[in-house]
Amino acid sequence: MARAAAGSAPPAASSADTETAAVLAALRAEVAALRQALALMLEAQATQTEMLRQLMAAAATPSESETALSEALAQIAAILNRQTSGLEAVQAVLLRLPEDVGQSVAAGVREALSGG
């Protein structure tokens with residue numbers, strides 16, 4: 001293969017290179033979304049463990065702890081509401097992923113076919 005002369009433009013990317021780059025970008029986006037979902041799931045597990053610990057502590061104390069149990073349950077409900085909102089946001093991202101990946105790949109193919 002002949003080398004390009006110094007100062008000349010780099011060779012144009014082939015359609016396979018462009019398509020590969022588009023697929024790679026789409027996969028990176030998907031991995032990032034999955035990583036975010038896993039992080040939220042781990043956070044939820046840690047919170048649920050703490051909630052169970054608080055419930056067990058409240059249930060094990062004498063009857064005057066009914067107020068403590070009520071407060072613990074109220075805190076748990078608030079935490080679960082926040083986590084539900086976060087998980088709904090992740091679900092929305094994950095539901096859009098197939099379309100986003102398809103659009104990225106299609107854009108790469110169109111660019112490759114147009115000689116861009």
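To the nearest 0.5 Å, the span separating CG on D100 from CD on E30 amounts to 10.5 Å. Between the CD atom in Q54 and the CD1 atom in I79 there is a gap of 6.5 Å [rounded to 0.5 Å]. For the atom pair OG1 of T47 and CD of Q75, the computed distance is 12.0 Å after rounding to the nearest 0.5 Å. Note: R28 CZ to S104 OG = 12.5 Å, rounded to the nearest 0.5 Å. One distance of note links OG1 of T20 with CG of L24; it measures 8.5 Å at 0.5 Å rounding. Here Q103 contributes atom CD and R110 contributes atom CZ; the two are 8.5 Å apart, rounded to the nearest 0.5 Å.
Between R53 and E50 there is a salt bridge, since a side-chain N of the basic residue sits under 4.0 Å from a carboxylate O of the acidic one.
L40 approaches G86 most closely through the heavy-atom pair CD1-O, 3.7 Å. Closest heavy-atom contact between Q83 and E43: NE2-O, 3.7 Å. Closest non-hydrogen pair, A33 versus L97, comes out as CB-CD1, 3.8 Å.
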**Report entry** Steps toward side chain to side chain contact (heavy atoms under 4.5 Å, CB included) verdict (L94, L34)
**Finding:** CA-CA 8 Å; L94 292 175; L34 291 173; 4.0 Å; yes
Report task. Take M41 and V90, measure what side chain to side chain contact (heavy atoms under 4.5 Å, CB included) needs, and give me the verdict at the end. Result -> CA-CA 10 Å; M41 287 185 342; V90 169; over 6 Å; no
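Counting heavy atoms from C-beta on, the side chains of T18 and V109 never come closer than 4.5 Å. Contact check for L55 versus L73: side-chain heavy atoms found under the 4.5 Å cut-off.
Hydrophobic clustering of Ile, Leu, Val, Met, Phe, Trp and Tyr side chains at less than 4.5 Å, counting indirect connections, unites L27 with V105.
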